[in-house]
There are 2 protein chains.
Amino acid sequence: MSTADDRPTGPRLTTTSYAILGLLAVRSSSSYELTRQMGRGLGRIWPRAASKLYEEPKKLAALGLARAREGSVGERRRTVYSITPKGRRTLAAWLAEPGAGPVLESEQLVKLFFADHGTTRDALATIAAARAWAEERNEDNVRVGRAYLGGEGEFQERVATNMVVGAFLTELYRTVAEWADWAEQVVGRWPEDPRGATLDREAMEWVVDRAGWSVR
Amino acid sequence: MSTADDRPTGPRLTTTSYAILGLLAVRSSSSYELTRQMGRGLGRIWPRAASKLYEEPKKLAALGLARAREGSVGERRRTVYSITPKGRRTLAAWLAEPGAGPVLESEQLVKLFFADHGTTRDALATIAAARAWAEERNEDNVRVGRAYLGGEGEFQERVATNMVVGAFLTELYRTVAEWADWAEQVVGRWPEDPRGATLDREAMEWVVDRAGWSVR
DNA sequence: CTTCTATACTCCCTTTGGGACTATTCAAGG
DNA sequence: CCTTGAATAGTCCCAAAGGGAGTATAGAAG
């Protein structure tokens with residue numbers, strides 16, 4: 001943590017707060033725009049419900065990390081937020097700490113964890129759904145990557161940083177698909193009642209071997 | 001959704017509810033044991049705060065999906081829950097639906113998303129932290145995999161299903177580590193001020209090529 | 001006996017999800 | 001011009017969940 005002067009007092013800042021602050025560092029935005037931005041790229045790595053996001057910029061403004069400018073389009077209210085110098089320093093201080101590792105929530109995997117209480121067909125369907133998920137998500141990734149290569153990506157000037165995150169997602173989706181293909185083979189060899197499935201030694205050895213990269 | 005008879009009325013069941021129900025399908029347990037089980041393997045794919053977990057089995061019992069047996073160890077209270085036939089049917093019905101795709105939350109990636117508002121050194125530290133995370137997590141995975149190969153894994157009789165989920169995690173951790181190694185190379189080529197980083201065309205082409213698996 | 005860990009919970013305040021709602025603007029079509 | 005639907009711009013509400021703090025007993029070790 002950097003200078004004590006920049007440590008916000010009052011409401012605590014969450015990762016979501018910093019994400020909104022980061023978006024304001026890139027560009028001043030209306031609260032609606034902020035919720036849209038959070039829904040796109042960032043939503044893949046820090047998904048948040050839109051309805052809760054409207055509160056964040058207010059909090060940042062209350063802490064002096066952002067400034068709120070009330071305005072209107074005709075009779076419709078509109079608030080545009082912009083980052084303050086204090087906000088920039090606070091963001092930079094946060095970036096200087098390494099951050100928590102990924103947290104994964106997968107209902108599909110929970111179902112597979114208990115696959116022996118359903119049918120093998122159910123398990124295969126769940127695996128297929130996982131692959132479909134990866135495919136669908138990857139389509140967006142390809143499109144974005146190509147746009148950047150063509151020099152026409154959103155926030156093209158930020159391509160270097162966006163690529164690092166985009167590559168992670170690319171690899172993630174690819175991994176899910178490859179795992180799904182493998183799992184389909186393995187589970188396809190199960191009996192109809194998965195309770196009868198036993199250790200597939202060859203497959204297990206392959207998995208353990210794959211895990212060997214971190215072994216000292 | 002299967003037979004209407006088995007559709008629970010009253011409190012809504014969440015994925016967490018089903019996970020607890022699944023654990024009871026494997027073995028009757030005290031609420032404390034349930035919270036421990038949720039903290040181990042399942043916590044990697046469906047992390048939940050222990051303090052909230054004590055409510056779930058109560059809910060299942062209220063719905064007739066589990067039965068609660070009050071008891072004691074000396075003067076200490078203890079409640080053991082076991083699944084009912086209705087509970088088994090409800091679990092099986094849930095397993096018959098494919099389930100939602102993975103949801104990822106990564107503070108590290110959020111930081112990298114805004115890396116151009118920090119320093120290149122910060123970004124490299126964040127990448128190193130991601131790799132360290134993958135390493136640490138993978139160590140557990142290796143240990144578990146070897147125990148299963150040796151026939152001494154926890155719930156060895158469920159090795160077939162556990163392997164499918166374990167393989168996913170193995171691949172995930174490996175992917176994070178490989179991505180981190182790549183990202184370290186790429187970011188290592190950035191100028192000291194990451195705002196000066198520009199499109200690394202060769203790297204971007206590699207990423208887009210890697211994403212090509214799902215392209216029709 | 002003391003200390004620490006394990007077992008076995010409950011409570012509390014904050015954050016968050018997700019849905020529902022209100023209202024104006026803008027665009028397209030009849 | 002009017003109507004309809006999407007976009008913009010929010011607020012509210014109830015349930016789920018995070019994370020910390022707390023209480024209490026049992027068991028192990030010194």
Side-chain angles (χ1 to χ4, degrees), chain A residues 8-20 23 28-40 42-43 45-63 68-81 100-101 103-105 107 110, chain B residues 8-21 23 28-40 42-43 45-63 68-81 100-105 107 110:
Chain A
T9 55
R12 285 185 47 255
L13 291 173
T14 63
T15 303
T16 306
S17 312
Y18 286 110
I20 296 286
L23 288 175
S28 297
S29 309
S30 71
S31 13
Y32 178 83
E33 279 168 345
L34 289 172
T35 63
R36 293 308 93 176
Q37 291 293 331
M38 282 297 296
R40 288 201 284 266
L42 267 180
I45 56 176
W46 199 259
R48 284 296 175 272
S51 65
K52 308 308 305 180
L53 292 175
Y54 283 95
E55 299 164 18
E56 285 296 340
K58 293 183 203 294
K59 187 162 84 182
L60 296 177
L63 292 170
R69 199 168 72 251
E70 306 280 350
S72 59
V73 181
E75 300 220 23
R76 194 170 64 198
R77 285 184 308 154
R78 185 169 189 264
T79 312
V80 175
Y81 294 88
V103 172
L104 174 77
E105 294 190 346
E107 190 182 55
V110 176
Chain B
T9 58
R12 287 186 49 254
L13 292 174
T14 62
T15 302
T16 307
S17 311
Y18 286 110
I20 295 283
L21 190 61
L23 289 176
S28 297
S29 311
S30 72
S31 18
Y32 178 82
E33 279 168 344
L34 289 172
T35 64
R36 292 309 93 179
Q37 292 291 334
M38 281 298 295
R40 288 200 286 267
L42 268 180
I45 55 176
W46 199 259
R48 284 299 176 269
S51 65
K52 307 307 305 181
L53 292 175
Y54 284 94
E55 301 164 14
E56 285 298 337
K58 295 184 200 296
K59 188 162 83 180
L60 296 177
L63 292 170
R69 198 170 70 250
E70 306 280 351
S72 59
V73 182
E75 302 219 21
R76 193 169 63 199
R77 286 184 309 153
R78 187 171 187 261
T79 311
V80 175
Y81 294 88
V103 172
L104 175 78
E105 294 190 349
E107 190 181 54
V110 176

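If you're wondering where the values come from, they're calculated on a predicted model, not measured in any experiment.
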TODO: Let me know, please, whether A:Val73 or A:Ser51 comes out on the 5' side of the other along DNA chain C by nearest nucleotide.
DONE: A:Ser51
Task: Per B:Thr14 side chain, nearest of listed nucleotides C:dT15, D:dT11, D:dA17 - done: D:dA17
- [ ] For the side chain of A:Arg78, starting at C-beta, report the closest nucleotide among C:dT15, C:dG19, D:dA9.
- [x] D:dA9
TODO: Report the distance from atom CE of A:Met38 to atom P of C:dG17, rounded to the nearest whole Å.
DONE: 9 Å
Open item on the list: What's the angle between the local helix axes at either end of the helix from C:dC1-D:dG30 to C:dG30-D:dC1, using five pairs per end and rounding to 10 degrees?
Closed with: 20°
TODO: Return the value, rounded to whole Å, for the distance between atom CG of A:Leu13 and atom P of C:dT16.
DONE: 11 Å
TODO: Would you give the length of the straight line joining atom CD of B:Glu33 to atom CZ of B:Arg78, rounded to the nearest 0.5 angstrom?
DONE: 5.5 Å
TODO: Quick one: label A:Thr79 by what it contacts on the DNA or RNA (base, sugar-phosphate, nothing), any heavy atom closer than 4.0 Å.
DONE: sugar-phosphate
Open item on the list: Please report the distance, rounded to the nearest Å, between CG in A:Leu53 and C1' in D:dT8.
Closed with: 15 Å
Open item on the list: With a 4.0 Å cut-off on N to O distance, would you call B:Lys59 and B:Glu56 a salt bridge?
Closed with: yes
- [ ] Using whole Å, report how far CZ of A:Arg76 lies from C1' of C:dT24.
- [x] 5 Å
Task: Considering all heavy atoms, the nearest B:Ala100-A:Glu107 contact - done: N-OE1, 2.8 Å
TODO: Examine D:dA9: is either OP1 or OP2 under 4.0 Å from a nitrogen or oxygen in the side chain of A:Tyr32? Give yes or no.
DONE: no
Task: Main-chain N/O of B:Ala68 paired with B:Lys58 side-chain donor or acceptor, under 3.5 Å - done: no
- [ ] May I ask you to decide if A:Glu75's main-chain N or O and A:Ser72's side chain share a donor-acceptor pair within less than 3.5 Å?
- [x] no
Task: Sugar-phosphate only, base, or nothing, as touched by B:Pro47 at under 4.0 Å among non-hydrogen atoms - done: sugar-phosphate
Task: Whole-Å distance separating the CD atom of B:Glu75 from the P atom of D:dG27 - done: 12 Å
Task: Exceeds 12 heavy-atom contacts within 6.0 angstrom, atom CZ of B:Arg69 - done: no
Task: Residue whose closest nucleotide on DNA chain D lies nearer the 5' end, B:Arg48 versus A:Tyr54 - done: A:Tyr54
TODO: Heavy atoms only: give me the nearest B:Glu105-A:Pro47 pair and the separation to one decimal.
DONE: CG-CD, 3.9 Å
Task: Which residue lies more 5' along DNA chain C, comparing B:Glu70 with A:Lys59 via nearest heavy atoms - done: B:Glu70
Open item on the list: Categorize A:Thr16 for me: base, sugar-phosphate, or nothing, with a 4.0 angstrom heavy-atom threshold over every strand shown.
Closed with: sugar-phosphate
- [ ] Among B:Leu21, B:Leu42, B:Leu53, find the residue that satisfies the side chain to side chain contact (heavy atoms under 4.5 Å, CB included) test when tested with B:Thr16.
- [x] B:Leu53
Task: For atom CD of A:Glu55 and atom P of C:dT14, their distance in whole Å - done: 13 Å
Open item on the list: Measuring to OP1 and OP2 of C:dT16, would you say a side-chain N or O of B:Lys52 lies under 4.0 angstrom away?
Closed with: no
Task: Atom-to-atom span, CZ of B:Arg12 to P of D:dA16 - whole angstrom - done: 6 Å
- [ ] Using a heavy-atom cut-off of under 4.0 Å over every strand shown, decide if B:Arg36 touches base, sugar-phosphate, or nothing.
- [x] nothing
TODO: Taking only the side-chain heavy atoms of B:Glu56 (C-beta and beyond), determine which of C:dT10, D:dA17, D:dT8 contains the nearest atom.
DONE: D:dA17
Task: Integer-rounded Å distance: D:dG10 P and A:Lys58 NZ - done: 7 Å
Open item on the list: For a quick check of understanding: with a heavy-atom distance under 4.0 Å over all strands, which category does B:Ser31 fall into, base, sugar-phosphate or nothing?
Closed with: sugar-phosphate
